[in-house]
2 protein chains.
Amino acid sequence: MADVARVAGVSHQTVSRVLNGAPHVRPDTRERVLAAIRELDYRPNSAARALVTRRSQTLGVVSFGSALYGPASMLDGIEQAARSAGYFVSVASLRSLDSRSVQEAVDRLRDQGVEGIVVIAPQISAVSAVAKVSSAVPLVAVGSGSRSPVPMVAVDNEAGALAATRHLLDLDHETVHHVAGPSGWLETKTREEGWRKALEAAGARVPQVQSGDWSARSGYEAGLRIAEDREVTAVFCANDHMALGLLRAFHEAGRSIPGDISVVGFDDIPEAAYFAPPLTTVRQPFGELGRRALELLVEELAGVGHARSHMLVSPEMVLRRSTGPAVRR
Amino acid sequence: MADVARVAGVSHQTVSRVLNGAPHVRPDTRERVLAAIRELDYRPNSAARALVTRRSQTLGVVSFGSALYGPASMLDGIEQAARSAGYFVSVASLRSLDSRSVQEAVDRLRDQGVEGIVVIAPQISAVSAVAKVSSAVPLVAVGSGSRSPVPMVAVDNEAGALAATRHLLDLDHETVHHVAGPSGWLETKTREEGWRKALEAAGARVPQVQSGDWSARSGYEAGLRIAEDREVTAVFCANDHMALGLLRAFHEAGRSIPGDISVVGFDDIPEAAYFAPPLTTVRQPFGELGRRALELLVEELAGVGHARSHMLVSPEMVLRRSTGPAVRR
DNA sequence: CCTTGTCATGTGATCGCGAACAAATACACT
DNA sequence: AGTGTATTTGTTCGCGATCACATGACAAGG
């Protein structure tokens with residue numbers, strides 16, 4: 001910066017003024033400074049600036065399962081929104097979601113000097129970990145349940161699950177089976193609750209829940225078990241990947257879809273429309289969730305306060321060919 | 001830091017020594033300092049440290065299509081490796097891969113003070129953009145072609161495509177059709193080359209190529225076109241998502257797989273094993289690619305030089321049920 | 001003509017840390 | 001005891017920016 005000042009024949013302060021768009025700089029001196037900057041290919045040192053302003057221009061993202069479609073999309077949305085808000089994004093992805101790991105990741109980011117943190121933390125333990133995080137920096141959770149103790153943005157899983165289940169009931173299915181996610185996840189819980197409420201509201205029997213781990217493999221295994229029960233005519237699956245495994249298992253068991261069994265998924269991953277058959281599912285706007293979370297965080301940073309600190313986004317049902325009317329026996 | 005020094009009754013330099021594990025600190029003073037640090041919950045200011053050491057402990061990742069399985073997995077691998085090497089990771093995801101966007105992203109990261117950059121840049125234009133990037137910081141590309149002008153890590157796409165095609169030829173198919181990726185991608189090019197070479201080596205006819213855009217939708221559309229040609233008995237598809245669309249189209253056209261047509265994909269996404277039927281494909285170890293890229297970058301930072309600056313990882317074929325012997329007519 | 005206020009620019013201090021050097025202390029060996 | 005060397009600690013400076021304040025020039029108003 002001193003070099004630039006020398007070349008432009010001004011003081012370092014004037015260079016700083018030009019850089020920060022401060023008022024009270026005569027147009028021609030501004031030009032001279034800019035010319036000097038170009039000539040020297042000068043780039044401000046962000047560390048120095050961060051040191052004195054106490055602002056790093058950086059936000060942190062703690063993410064879990066970041067290779068999965070949901071988290072990856074959210075991260076993408078977050079980065080996009082952060083950039084347009086003038087922030088950098090630093091990531092810390094977790095291998096496990098225990099309280100210690102979350103705390104560690106948050107600490108790491110804090111040490112790096114991030115101004116705020118978004119936690120992509122869909123697990124119950126993570127939320128409580130986040131809640132415990134004695135963090136001086138603002139923190140927003142995304143994709144976690146509605147009873148999160150920190151500000152958060154999430155899809156209304158319960159409403160989505162309820163709609164999915166009701167869709168099947170409306171097709172005259174006597175009841176709807178459920179393949180849930182792994183225990184400990186907020187999505188697992190809220191989706192199961194939505195399913196249960198829909199059944200209860202309709203006075204339908206509530207069958208036993210099968211549990212998976214979100215993977216197609218686990219859906220396949222659940223499918224094999226379910227296929228043994230010839231009574232089953234409708235299944236609501238807690239995510240699309242498991243639904244894929246389910247379809248595979250039903251196919252192998254010789255059950256036609258939706259002829260014998262109707263299946264609904266959750267997420268609407270891009271491939272869902274090309275499953276065999278195309279999957280009826282509940283769309284989660286992941287990218288938008290990420291963007292909204294970041295907006296919330298930026299608002300907190302700006303000190304807007306906690307005016308709208310819990311944000312539930314309504315998911316949307318996408319009807320495809322994996323669901324059909326129940327066969328009356 | 002001054003506070004800590006005061007509480008511990010030492011100078012700030014001694015605190016610094018303890019923090020950096022410098023030698024020549026008496027055990028009991030070290031203890032006093034550590035105690036003071038704990039008492040005050042002191043955290044070093046990374047901006048100040050970066051300012052004086054000229055090292056930000058941060059690496060940048062430029063990524064494209066970061067919601068897709070491949071890039072997301074690589075990013076994940078990169079982050080993991082970076083963390084264990086003691087670096088933070090800052091991401092910049094691109095919406096388009098033109099030279100200007102890439103340059104902008106790289107500049108942004110440089111301005112932030114990253115010490116090195118990994119570019120997840122599978123597009124030809126990106127590679128040339130990267131090559132042009134007049135960057136003072138070390139730069140490594142991952143997942144791009146073998147003729148990249150910067151150090152890079154990639155799967156040997158050509159070998160993978162060749163193996164996939166040969167697998168089909170070995171099953172007695174007269175020739176193998178190809179659904180390629182979008183033009184401009186290195187993967188598209190090298191996979192097509194591998195396919196072509198395998199055909200030529202076997203003296204098989206080289207059919208016209210269908211092009212998609214990696215999405216299941218485009219695979220579906222290509223599949224509809226291919227299904228019209230009753231001569232087709234084998235298709236090598238440049239990625240699994242398109243293969244999924246292909247399977248769907250064939251199913252709708254009443255062609256059985258692998259009875260009428262064999263299909264091979266590329267990537268081995270986790271769902272591929274649950275397609276209908278389970279997909280024979282070529283596995284790319286994305287996470288490992290990311291890790292290796294980061295290791296390469298760290299080596300460059302350490303000044304090990306460009307000893308092994310191009311690293312080709314051999315992909316592995318995964319045989320499943322979407323391929324079978326050609327039906328002799 | 002002198003005050004007063006606005007613009008335009010410069011000066012010095014400061015952010016928190018580590019590097020270089022200096023000083024003090026401890027230990028070893030005559 | 002005296003000298004030399006190794007360990008341990010402290011002092012000063014500077015990294016590259018912003019901030020608070022000072023200064024000079026000029027115009028407007030009395």
Side-chain angles (χ1 to χ4, degrees), chain A residues 1-37 39-58 86-88 107-115 136-137, chain B residues 1-37 39-58 86 88 107-108 110-115 136-137:
Chain A
M1 188 157 170
D3 296 344
V4 173
R6 201 171 310 119
V7 168
V10 296
S11 73
H12 65 114
Q13 181 60 274
T14 299
V15 177
S16 173
R17 286 193 181 99
V18 171
L19 248 34
N20 296 297
H24 307 317
V25 177
R26 222 175 347 182
D28 61 316
T29 48
R30 162 175 277 111
E31 274 316 314
R32 281 212 319 282
V33 170
L34 291 176
I37 288 176
E39 183 187 331
L40 302 176
D41 190 27
Y42 161 79
R43 322 193 147 240
N45 179 315
S46 61
R49 171 182 274 148
L51 180 57
V52 61
T53 59
R54 299 161 166 291
R55 303 202 48 207
S56 62
Q57 308 253 74
T58 302
Y87 287 98
F88 297 105
D107 282 348
R108 241 178 80 80
L109 291 172
R110 279 189 59 192
D111 289 348
Q112 196 198 1
V114 299
E115 295 178 36
V137 301
Chain B
M1 189 155 170
D3 295 346
V4 173
R6 203 172 307 119
V7 169
V10 296
S11 74
H12 72 106
Q13 183 59 266
T14 298
V15 178
S16 171
R17 287 195 181 96
V18 171
L19 249 32
N20 296 296
H24 307 317
V25 177
R26 225 176 346 185
D28 63 316
T29 48
R30 178 188 307 279
E31 274 316 314
R32 283 214 316 285
V33 170
L34 290 176
I37 287 175
E39 183 186 333
L40 301 177
D41 190 27
Y42 161 78
R43 321 195 147 238
N45 179 315
S46 62
R49 171 179 279 156
L51 181 57
V52 63
T53 60
R54 301 162 166 290
R55 304 203 43 206
S56 62
Q57 309 253 74
T58 303
F88 298 104
D107 282 348
R108 241 177 80 80
R110 281 189 58 191
D111 288 349
Q112 197 199 358
V114 299
E115 295 178 36
V137 302

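Lettering of chains follows the sequences in order, A, B, ..., and the numbering in each one begins at 1.
In this structure, B/S56 and B/G113 approach most closely via the heavy-atom pair OG-O, 2.5 Å. Summarising the geometry of A/Y42 relative to A/M1, their closest heavy-atom pair is CE1-N, 3.5 Å, with the distance given to 0.1 Å.
In this structure, the side chain to side chain contact (heavy atoms under 4.5 Å, CB included) partners of B/R55, at least two apart in sequence or on a different chain, are B/T53, B/Y87, B/E115. Annotation: side chain to side chain contact (heavy atoms under 4.5 Å, CB included) contacts of A/D111 (sequence neighbours excluded): B/R43. In terms of the salt bridge (Lys or Arg N to Asp or Glu O under 4.0 Å) criterion, B/R54 has no residue partners (sequence neighbours excluded).
Direction change of the helix axis from one end of the helix from C/dC1-D/dG30 to C/dT30-D/dA1 to the other is 50°, with five pairs defining each end axis (rounded to 10°).
At a non-hydrogen distance threshold of 4.0 Å, A/M1 from residues 1-9 of chain A come into contact with DNA chain D. Across residues 42-57 of chain A, A/L51, A/V52, A/R54 each have a non-hydrogen atom less than 4.0 Å from an atom of DNA chain C (numbered order).
Within the 4.0 Å cut-off from OP1 or OP2 of D/dT9, at least one side-chain nitrogen or oxygen of B/R26 is found.
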Could you list the donor-acceptor pairs under 3.5 angstrom formed between side-chain atoms of residues 7-22 of chain B and any protein atom two or more places apart in sequence or on another chain?
from	atom 1	to	atom 2	distance (Å)
B/S11	OG	B/Q13	N	3.4
B/S11	OG	B/T14	N	3.4
B/S16	OG	B/N20	ND2	3.3
B/N20	OD1	B/R49	NH2	3.4
B/N20	ND2	B/S16	O	2.8

Under 3.5 Å, side-chain donor or acceptor atoms of residues 24-31 of chain B against the rest of the protein: list the pairs with distances, not counting sequence neighbours.
from	atom 1	to	atom 2	distance (Å)
B/T29	OG1	B/R26	N	3.4
B/T29	OG1	B/R26	O	2.6

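Along DNA chain C, the stretch of nucleotides lying under 4.0 Å from any heavy atom of chain A spans, 5' to 3', C/dC7 to C/dG16.
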### Query
Could you write nucleotides 21-27 of chain D as a row of B, S and -, 5' to 3', where a protein heavy atom under 4.0 Å of any base atom gives B, of only sugar-phosphate atoms gives S, and otherwise -?
-------
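In this structure, the CG atom of A/L19 is 12 Å from the P atom of D/dC19, given to the nearest Å.
In this structure, the separation between OG on A/S46 and CG on B/L51 is 10.0 Å, given to the nearest 0.5 Å.
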